[in-house]
Structures are given as structure tokens and as C-alpha cells.
Amino acid sequence: MSVLIRGGTVVTADQTFRADVLCVDGKIAAIGPDLEAPTGVTILDAGGQYVMPGGIDPHTHMQLPFMGTVASEDFYTGTAAAMAGGTTSIIDFVIPEPEQNILDAYRTWREWSQKSAADYGFHVAITWWDETVHADMGTLARDEGINSFKHFMAYKGAIMADDELLYHSFTRSLELGAMPTVHAENGELVFQLQKKLIAEGMTGPEGHPLSRPPAAEGEAANRALRFAEVIGVPLYIVHVSTSDALDEIKRARSAGQRAYGEVLAGHLLIDESVYQNPDWDVAAAHVMSPPFRAPEHQAALWKGLQSGDLQTTATDHCCFCADQKAMGRDDFTLIPNGTAGVEDRMALLWTHGVGTGRLTPNEFVAVTSTNAAKIFNIFPKKGCIGVGADADLVVWDPAATKTISAKTHHQNIDSNIFEGMKVTGLASNTLSRGVVTWANGDLRAIKGAGQYVKRPTYHAAFEALAKQTTGKK
Ligand code: URP
Ligand code: ZN
Ligand code: ZN
């Protein structure tokens, strides 16, 4: 099956040029001006549009069992919605219960993800520790293409990683050439503040941000970075939401640490006032962790993205509908934490990044796709427009507009935190390994067509390179 994308302007993380792109059997076969159309090829007219690597969302939670319920978006509906917004790959999370065998959990998530329409990988959360976890991390890294391990420093009493666990898992990650990642919030502090607020009678969603102050995030970011510094391992901090955490990343980077930060579209664009909404359902729909913050944090996060101290953008797509959020009607600590956005991230980043001059189109590609591919070691298969790369592409119409709404989105959730926001710049066509899955409003995502993408550890990549150069088998 071949598709020729004709007449567009190719935008990569480092170049912009006029070229046609020929996709054959799922790969990019040729890039150049006025390419000849092979017999039987489908021609896609990209005149006046950009052709960019499809988005990679490195932080999603499809059908996650969490806080007594299960996220409403499954791997099919979620990845289909992603394609409608120009995102062609996700990295989701395997989250074992404490004491659950991590290989068993991994197999469960692999089973659930069979129906994915887009390509996907997994970070595996380390939620407990013993010798089997140590050994199984090796199996995952060596045999299953897992090169990143996640640590939740929050969610005490559930999946929280304490300092001892961080020490062991970071050390093991270093041994394996894998990347430790953290959700940085001081879980003890959050737990105590939650108890205090509830005892004082503050039971509504307005208590949520008060129980998770910026300092709790800054402290955890600093602690994780200091562990990484001492152990000598890189560190990736997910959903950085405060200048407090960003400052810790900046400090670590300027001291020579390999420290990376991810920012969510939501944290860039939504502020904490949403928790004051008198409509309980609307306020609860915004309950996610870390919470939305005061506007000065948003300004700092944009600067972090511009300066390169934050490298990736994600959504933490984790959908709970109103009936699920209602589990916490009398106690905000029981509201399932999570919000959506996998469909909207690209348009929001274009509108508020490129549209405002904060990001160039090339920087947009870097922060929505290429940087994630590089950090998680799937570049140039993903995040790249080059001959031989997967033909995961988005044809981007910079003039197209829409108003985001739960009434029209494809995500399986009954609200949208970006409701009513107007965006300019939209995916007109999305191609997943050369197959058109979104064509001018027509969603053609195919259930089960997504492939699991193995992500070799950094050691494995270097070993493979060394074998190639020395000719050893
Ligand atoms: O509120 C959130 N973010 N829910 C999903 C789990 C997590 O912390 O990433
Ligand atoms: Zn988190
Ligand atoms: Zn998350």
C-alpha cells in the first residue's frame, strides 16, 4: 500500500523544506520535490499544509484501574481519538499493584492494548521492591523493550514509592541502561494535608489544590534529582506543573545532570481557578494530580519549554466520566484523579505555541514528537521524517479552526477540560505507518492495527552499535 503526500512543506525538528513524501508498506520510501507517482499509489494533496512527524504522547493511561474505578477510555477509543488530533503513538503505563508480580502486570497491559489503533509502548511503574522485582526489571529491559521505569512519589497507601524504593529502582535502572521517571509530589505531605482539610470540613474539589501545594512538588523533584545525582542515573520528571519543580530541573541541568522534564497541555493552559467553579461536576472534572496551578506557574512552564529545560509535552490522558468523579462527592480525596487531552494536545500546542510566537514550527515538532522519540530511544523509527522511518505523519492545516468541545470530541469522556477553547491549526490527515487513519474529519482508525514498539535500553543500543562497527554477531 502506497501513499504519496504531494505539495506540502515538510517540517521536522530541525528543517523546513518543500517536498513530496512517498510512503510504501508503512515506511517513508522517498522524500523530494515532484516525486513520481508509482502505479496504484493514493495521492494526498497537502498543498498549503505542513507535513510533520505524527505526535507522540509519552504519558497516557488508557483503561487504567485507579482509585476504585477504571479509566473510561480504552486503548482503541483513546488511540483513535489521538489520531483525530494528529498523534500517532503513545507511551502508556503498566502500573502493578504493590506485591503484584511486575511481569504479570506487564502481560495484562499487553493484553488490554491489543486493540490499540496506534503504535504504543509502556513505561513500567515500580510500586514495590524485592529480589523478584530486581530480576523482572532485567527481563523487561532485555526481552520486552522496556527502557523506562516509573515511580509515583505520591498516592500514599496505594502505589507510592518511598526513598528506599527509589534508591533500589534507580540503581537497577542505571545497571540496565534504563530511564527512571517520577511523578514528583511529596506523598506524605499530601496525605497529611488531605486529612487536615477534610477534618476542617473542606470536602469539595477546592480542597484538592490546597492539599498538593507547589512546595510538595518542588521537594519531591529535588529529592528525586538528588537521588539521581548521587546514583549517577538520568531522570525524567513527568507532568512538571510548577516553577518550583522546574527550578530544580534547571539547577540539576546546569550542574551537568541529565535531567528531563515533561509538561502537560493542561498545565500550560489551565489555572487553579477551575477548582472554585460552583458547579461541583465541573470542578471535579478538573481534579488531577498535580493540580492546575496559579497563572505564574503557567508562564514559567512556557518559558521552560522555550528554553529547552522542559523537552516534551504530554497529556496524562486518564479519563473519568461524571459518574466516576461522583465517587468523591463528599470527600475530594476520593475523586478519581485524571483528565483527558490526547486528541487536543497538538492543536493546543500549535495555537498557543506557534500561534503566539513562543515556538517555531520546528520547535513544535521537537516538543510534540521528536524529543520524546529521542529520550525514549525510538528515534528515528518514530518522531522523524526520513527515508526508512515509520510513515507516522500528520498533514497539518495551519489555517483550520475549531472550538474544542466534549460534544464533538472523539475521546470517551463526557467532559473536556479545554471546553470552549478555540484552536487554529489542525490535523487534516493523519497517517499511521502509511495508512490514512484520519482524513478531513473522517476517523478511520483500525482497532488492533497498532503495534507494540520495543524501546531498547541505552546499553542495548550501544552494544548493537558496537557489534555493527566491529562486525561481531
Ligand atoms: O491525576 C492523574 N495524573 N492521574 C493519573 C495518574 C498520574 O498521577 O499520572
Ligand atoms: Zn502522575
Ligand atoms: Zn499519569
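Ligands are counted one by one from 1 in listed order, and the atoms in each one are counted from 1 as well.
Side-chain N or O atoms of Ser169 include none that pairs as donor or acceptor with a backbone N or O of Leu165 at under 3.5 Å. Judged by distance alone, the side chain of Tyr260 and the main-chain N or O of Gln311 form no donor-acceptor pair under 3.5 Å. Under the 3.5 Å distance criterion, the side-chain polar atoms of His208 are matched with a main-chain donor or acceptor of Met288.
The shortest N or O to N or O distance between Lys150 and ligand 1 is not below 3.5 Å.
Taking the six-membered ring for Trp, His168 and His134 have ring centres at least 6.0 Å apart. Aromatic ring centres of Phe376 and Tyr236: separated by under 6.0 Å. Ring to ring, Trp350 and Tyr50 are close: their centroids are under 6.0 angstrom apart. The aromatic ring centroids of His183 and Tyr155 lie less than 6.0 Å from each other. Between His267 and His297, the ring center distance fails the sub-6.0 Å criterion.
With waters neither drawn nor counted, the protein N/O/S atoms under 2.8 Å from the Zn ion (ligand 2) amount to 2.
Put simply, His61 gets within reach of the Zn ion (ligand 3), with an N, O or S atom under 2.8 Å from it.
Atom numbering of ligand 1 starts at 1 in the shown order; those under 4.0 Å from a heavy atom of Gly338 are 1 (O), 4 (N). Counting atoms of ligand 1 from 1 in the listed order, those under 4.0 Å from a heavy atom of Met288 are 1 (O), 3 (N). For ligand 1, the atoms closer than 4.0 angstrom to any heavy atom of Ser289 are 1 (O), 2 (C), 3 (N), 8 (O).
The protein heavy-atom contact nearest to atom 4 (N) of ligand 1 is Asn337 O, 3.0 Å. Shortest contact from atom 3 (N) of ligand 1 to any protein heavy atom: Asp316 OD2, 2.6 Å. Scanning all protein heavy atoms for the shortest distance to atom 7 (C) of ligand 1 gives Tyr155 OH, 3.5 Å.
A salt bridge between Lys325 and Asp281 is absent, with no side-chain N of the basic residue lying under 4.0 Å from a carboxylate O of the acidic one.
Within the 4.0 Å heavy-atom cutoff, Phe93 does not count among the residues contacting ligand 1.
Applying side chain to side chain donor-acceptor pair (under 3.5 Å) to Asp119 and the options Gln451, Arg433, Lys381 leaves one that passes, Arg433.
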